[in-house]
Amino acid sequence: MNQPDQQHYNVVSFFRFGPFIATFILVFLGHSPLIFFEPIRFLTGLVTPSILFSMLALMVLALIVGFCIGIFPTYITGLIFQKFIQNKIENLTLLQSLFYGFCAGLSWMVWVLIGLLEPKVILPILIFVGMVIIPTSMLCALLEWRRINKLKILKPEYLT
């Protein structure tokens, strides 16, 4: 496999799925107080058609905005992930892929250093990196690992 193909298929899962995964995590985190502290009110809202349709419309809007905002950071995270797995792409195990996805997400902790200039923003940055960026990059790494393994299955050894 030549180098451009390798670069192409390492970033695809991050680029394609990353913004959507992060948006779903943010929407879930936004609804979690209502889900956990007032479950009856949340379930009533899911049954009521007027609330349900407005929630679905806002979710579609959130996905569009989340994709537009998140496409650049997930592309950069995909490139970082690609640098971590450069020559190991064919022999990558699931745990190694998850670990490299974790490290790629952890690379966004640089923002915490920037946050040291303003102590009020350190905690929100830590929460955002820990609850959104790292899980998103690990899920994208998992999807990328599955895609790499599918390509290995579809392409017999004697053709490589």
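Interatomic distance, CD1 of I127 versus CD1 of I122, reported as 12.0 Å (0.5 Å rounding). Atom CZ in F102 sits 12.5 Å away from atom CD1 in I133 (nearest 0.5 Å). The CZ atom of F84 sits 8.0 Å away from atom CZ of F99, with the distance rounded to the nearest 0.5 Å. A distance of 9.5 Å separates CD1 of I35 from CG of L29, quoted to the nearest 0.5 Å. A distance of 13.0 Å separates CD1 of I80 from CD1 of I85, quoted to the nearest 0.5 Å. A distance of 9.5 Å separates CG of L98 from CG of L92, quoted to the nearest 0.5 Å.
Shortest non-hydrogen contact noted between T23 and P19 is OG1-O, 2.7 Å. Taking each heavy atom of A141 and G101 in turn, the nearest pair found is CB-CA, 3.7 Å. Between G130 and P135, the shortest heavy-atom contact is O-CD, 3.4 Å. Across all non-hydrogen atoms, the minimal contact from S54 to S50 is OG-O, 3.2 Å.
For the pair M109/L126, a side-chain contact is recorded, criterion being any heavy-atom separation below 4.5 Å from C-beta on. Proximity of V132 to L26: side-chain heavy atoms (C-beta onward) are separated by under 4.5 Å at one or more points. Looking at heavy atoms from C-beta onward, R147 lies in side-chain contact with S13 at the 4.5 angstrom threshold. Residues L46 and M55 have side chains in contact (heavy-atom distance under 4.5 Å, counting atoms from C-beta outward).
With S97 contributing its side chain and L94 its backbone, the two residues share no donor-acceptor pair below 3.5 Å. One N or O on the side chain of T93 and one on the backbone of Q96 form a donor-acceptor pair closer than 3.5 Å. Not one N or O on the side chain of T136 forms a donor-acceptor pair closer than 3.5 Å with the backbone of I21. Checking side-chain atoms of T48 against main-chain N and O of G45 turns up no donor-acceptor pair under 3.5 Å.
Residues L95 and M138 are members of separate hydrophobic clusters, defined by side-chain heavy-atom contacts under 4.5 angstrom among Ile, Leu, Val, Met, Phe, Trp and Tyr. Under a hydrophobic-cluster definition in which Ile, Leu, Val, Met, Phe, Trp and Tyr are linked whenever side-chain heavy atoms come within less than 4.5 Å, directly or via other members, L43 and F36 are assigned to the same cluster. Residues F28 and V129 fall into different hydrophobic clusters, defined by Ile, Leu, Val, Met, Phe, Trp and Tyr side chains chained together at heavy-atom separations under 4.5 Å. Under the 4.5 Å side-chain heavy-atom criterion for grouping Ile, Leu, Val, Met, Phe, Trp and Tyr, L113 is connected to L106 within one hydrophobic cluster. Taking hydrophobic clusters as Ile, Leu, Val, Met, Phe, Trp and Tyr residues chained together by side-chain heavy-atom distances below 4.5 Å, I125 does not share a cluster with V110.
T77 pairs by the side-chain hydrogen bond (donor to acceptor under 3.5 Å, both in side chains) definition with W108, not counting sequence neighbours.
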Give the table of side-chain donor-acceptor pairs shorter than 3.5 Å for residues 58-72, with sequence neighbours excluded, one pair per line with atom names and distance.
none

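You'll find the ring centres of F81 and F14 inside the 6.0 Å limit.
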